[in-house]
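This chain uses plain numbering: 1 for the first residue, then up along the sequence. Quantities reported herein were computed from a predicted structural model and do not represent experimental measurements.
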Amino acid sequence: MSVTQTEAPEQEPQKKKFTFPSALTVLAIVTLAVWLLAFLVPSGEYDRDENGSPVEGTYKRVPSGQSFVDRLNDLFLSPVNGLYGVQDTKTGQVGPDMEGALYGSAGVFLFVLAIGAFITVVFATGALDRGISRLAHRLRDRGWLLIAGVMAVFSVLGTVEGFAEETLGFYGLLVPMMLALGYDRMVAVGTAILGAGVGVMCSTVNPFATGVASSAAGISLGDGIVLRFVMWLVLTAVTIAYVVRYATRVRKNPERSIGGFQPGDRDKASAQAEEVPELTRLHKAVLVMLVLVFAFMIFSVVPWSSALTGKADATPYGWELGWSFPQLAALFLVAAVLVGVVARMSEPKLSSTIIQGAADFISPALVIMLARGVTVIMNNTKITDTVLHSIEGVVKGTSSALFAIIVFLVNLPLAFLIPSTSGHATLAMPILAPLADFAGVSRAVVVTAWAAASGWMNLWVPTTAVTIGGVALAKVGYDKYLRFVWPLLVILFVLICGFLALGAAVT
């Protein structure tokens with residue numbers, strides 16, 4: 001008796017889904033593309049004033065003086081030059097063996113690693129997680145106040161230190177909490193993504209956004225902080241009101257939920273949230289230190305004389321620190337150690353946590369380095385001024401308000417292609433910032449316009465882990481999230497344009 005075996009039908013190989021490349025890959029492609037483009041774009045330069053800014057109307061064609069071997073060497077060394085390339089004071093060329101001023105991003109690179117170490121040590125103490133959990137538990141009987149409170153905290157963290165991806169760790173708390181209060185999962189998504197996102201969009205002193213952009217634009221981190229602060233207050237209030245309005249509507253009429261409900265979601269509406277452990281004295285001490293460190297950072301970088309008098313060339317007060325990235329890097333390294341000591345971490349644990357924190361932030365640091373390497377190629381082939389000259393005609397004759405809005409619009413597609421704020425800033429600012437000089441607008445307005453464009457796009461584009469990861473964790477469809485958020489995006493778009501126009505006119 002024979003047994004006939006039935007062969008299983010051959011399964012067709014599954015087609016791999018396209019995944020958008022990482023910021024590092026995008027910048028590697030951009031580096032090669034710019035290097036090739038430099039063979040086609042004619043070289044030229046502007047005359048410079050005493051501040052190093054290009055003088056409008058002085059552009060002229062000049063030979064780059066580079067052979068093919070020189071250009072190949074620039075491509076090979078672009079990451080190195082992006083980190084510690086030095087610009088020769090006579091020729092303007094950038095290279096690791098030149099003599100002159102540092103052109104690379106070594107200062108910003110180290111600062112990113114330092115703040116990564118500090119934030120990781122703070123999270124390792126459990127103080128920030130426990131603090132937000134306590135806030136949510138205390139306000140559990142006042143739903144709208146809970147939403148507003150958590151969003152306000154997330155927004156503050158977003159505007160001062162780029163708090164975004166960290167929100168992914170709170171969905172396990174927010175989703176059941178919102179369901180227990182009679183809301184839907186979309187409320188949890190809006191609270192997390194929009195709360196932190198609007199803070200990042202109006203980055204007052206966010207080192208990964210405004211900090212990097214200000215450095216690339218050649219201005220202080222504190223320049224333009226008044227405009228960004230007012231924007232942050234207004235846009236955060238509008239965003240919170242939008243989410244609270246939706247939440248109230250869903251609670252009164254669950255059928256109006258955009259995201260809908262999973263099986264069993266409605267059964268949780270009467271459940272009581274579990275008790276959250278109290279903050280210990282250690283947690284309170286760490287939270288106080290966290291606030292003090294960021295408050296001191298803001299104090300140290302703000303040009304107080306200019307901010308209080310309204311004069312850009314005001315003489316600094318004697319108590320102004322005028323700190324920049326080297327001092328801030330040292331501040332966060334010292335603060336990381338102090339937090340570890342206060343938290344009674346052992347020496348091995350503190351050391352490993354600091355190293356792990358720096359390692360976790362190596363990706364944005366490398367993005368900054370690669371992006372700066374692109375500008376080195378453009379500088380050495382002398383095509384940066386040619387690009388500026390091609391845009392000068394568009395900017396010339398426009399009002400300052402229209403110029404600020406144009407900068408915002410130009411950065412929208414760039415933010416989609418390069419979701420990394422640090423890489424986007426380092427790549428775009430060397431070209432966009434000098435345009436402000438032509439238009440008679442403060443470079444700080446350009447930085448604010450760039451930050452707003454990057455933050456606005458990152459509220460919804462599918463290339464950001466915060467958005468895609470958030471809707472996945474909350475089990476809400478991305479298409480439904482877009483339906484929920486698009487009216488707010490329109491409102492924020494209009495408000496941003498208004499603020500930028502006002503800021504450009506005032507400055």
Student: Where do Y246 and G259 come nearest, in terms of heavy atoms and distance?
Tutor: OH-N, 3.9 Å
Student: Would you say S454's side chain and A451's backbone share a donor-acceptor pair under 3.5 angstrom?
Tutor: no
Student: Under 6.0 Å from the CZ atom of F229, do we count more than 12 heavy atoms belonging to anything else shown?
Tutor: no
Student: Distance check, rounded to the nearest 0.5 Å: H283 atom NE2 versus T125 atom OG1?
Tutor: 6.0 Å
Student: Mind listing the side-chain donor-acceptor pairs of residues 194-216 below 3.5 Å, one per line with the distance, residues two or more places apart or on another chain?
Tutor:
unit_1	atom_1	unit_2	atom_2	d
S203	OG	V200	O	2.4
S203	OG	N206	ND2	3.2
T204	OG1	T159	O	3.2
T204	OG1	T159	OG1	3.0
N206	OD1	G162	N	3.3
N206	OD1	F208	N	3.1
T210	OG1	S203	O	2.6
S214	OG	T210	O	2.7

Student: S352: what forms a side chain to side chain donor-acceptor pair (under 3.5 Å) with it, not counting sequence neighbours?
Tutor: none
Student: To the nearest 0.5 Å, what is the distance between CG on D360 and CG on L113?
Tutor: 11.0 Å
Student: Considering non-hydrogen atoms only, spot the tightest contact between M345 and V121 and give its length.
Tutor: CE-O, 3.8 Å
Student: Between atom CG of L282 and atom CG of L287, what is the distance when rounded to the nearest 0.5 Å?
Tutor: 9.5 Å
Student: Could you walk me through whether V334 and F118 pass the side-chain contact (heavy atoms from CB on, under 4.5 Å) check?
Tutor: CA-CA 9 Å; V334 172; F118 172 73; over 6 Å; no
Student: Would you indicate whether the side-chain heavy atoms of I119 and F332 approach each other to under 4.5 Å?
Tutor: no
Student: Determine whether I219 and V447 make a side-chain contact, defined as any pair of heavy atoms from C-beta on separated by less than 4.5 Å.
Tutor: yes
Student: Please test V286 against M289 for side-chain contact (heavy atoms from CB on, under 4.5 Å), starting from the C-alpha separation and ending with a verdict.
Tutor: CA-CA 5 Å; V286 171; M289 292 182 66; 5.5 Å; no
Student: Do you know which two heavy atoms are closest between A504 and A404, and how far apart they sit?
Tutor: CB-CB, 3.8 Å
Student: Determine yes or no for a side-chain-to-main-chain donor-acceptor pair under 3.5 angstrom, with N458 supplying the side chain and V461 the backbone.
Tutor: no
Student: May I ask you to test the L366-M369 pair for a side-chain heavy-atom distance under 4.5 Å?
Tutor: yes
Student: Looking only at heavy atoms, which two atoms of S257 and V250 are closest? And how far apart?
Tutor: CA-CG2, 3.9 Å
Student: Examine distances only and state if a side-chain atom of R130 and a backbone atom of E278 form a donor-acceptor pair shorter than 3.5 Å.
Tutor: yes
Student: Under a 4.5 Å cut-off applied to non-hydrogen side-chain atoms, are L412 and L409 in contact?
Tutor: yes
Student: Ignoring hydrogens and angles, write down the donor-acceptor pairs under 3.5 Å from the side chains of residues 474-500, residues two or more places apart or on other chains.
Tutor:
unit_1	atom_1	unit_2	atom_2	d
Y478	OH	W460	O	2.6
Y481	OH	L459	O	2.7

Student: For D184 versus I258, what's the shortest heavy-atom pair and its separation?
Tutor: OD2-N, 4.2 Å
Student: Could you please spell out the steps behind the side-chain contact (heavy atoms from CB on, under 4.5 Å) verdict for F403 and L435?
Tutor: CA-CA 9 Å; F403 167 78; L435 289 177; 3.8 Å; yes
Student: Could you give the distance from CH2 (W144) to CD1 (I240), rounded to the nearest 0.5 Å?
Tutor: 10.0 Å
Student: So, R228 side chain and D223 main chain: donor-acceptor pair closer than 3.5 Å or not?
Tutor: yes
Student: Can you confirm whether N411 sits close enough to L432 that some side-chain heavy atom of one is under 4.5 Å from a side-chain heavy atom of the other?
Tutor: yes
Student: Measuring from atom OG of S399 to atom CD1 of I405, what distance do you get when rounded to the nearest 0.5 angstrom?
Tutor: 7.5 Å
Student: Compare every heavy atom of P434 with every heavy atom of R443, then report the nearest pair and how far apart it is.
Tutor: NH2-CA, 3.8 Å
Student: Hey, are the side chains of L179 and V175 touching, using non-hydrogen atoms and a 4.5 Å cut-off?
Tutor: yes
Student: Answer with yes or no whether the side chains of S155 and W232 bring together a donor and an acceptor at under 3.5 Å.
Tutor: yes
Student: Between M178 and I147, is any pair of side-chain heavy atoms under 4.5 Å apart?
Tutor: yes
Student: Looking at R249, I'd like to know if its CZ atom is crowded, meaning that more than 12 non-hydrogen atoms belonging to other residues, nucleotides or ligands lie closer than 6.0 Å.
Tutor: yes
Student: Do R245 and T248 have side-chain heavy atoms sitting under 4.5 Å apart?
Tutor: no
Student: Taking only residues two or more places apart in sequence or in another chain, which ones pass side chain to side chain donor-acceptor pair (under 3.5 Å) with S400?
Tutor: none
Student: Just jot down the side chain to side chain donor-acceptor pair (under 3.5 Å) partners of T239, sequence neighbours excluded, or say none.
Tutor: none
Student: With rounding to the nearest 0.5 Å, note down the distance linking OG1 in T191 to CG in L146.
Tutor: 7.5 Å
Student: V337: what forms a side chain to side chain contact (heavy atoms under 4.5 Å, CB included) with it, not counting sequence neighbours?
Tutor: V341, L350, I354
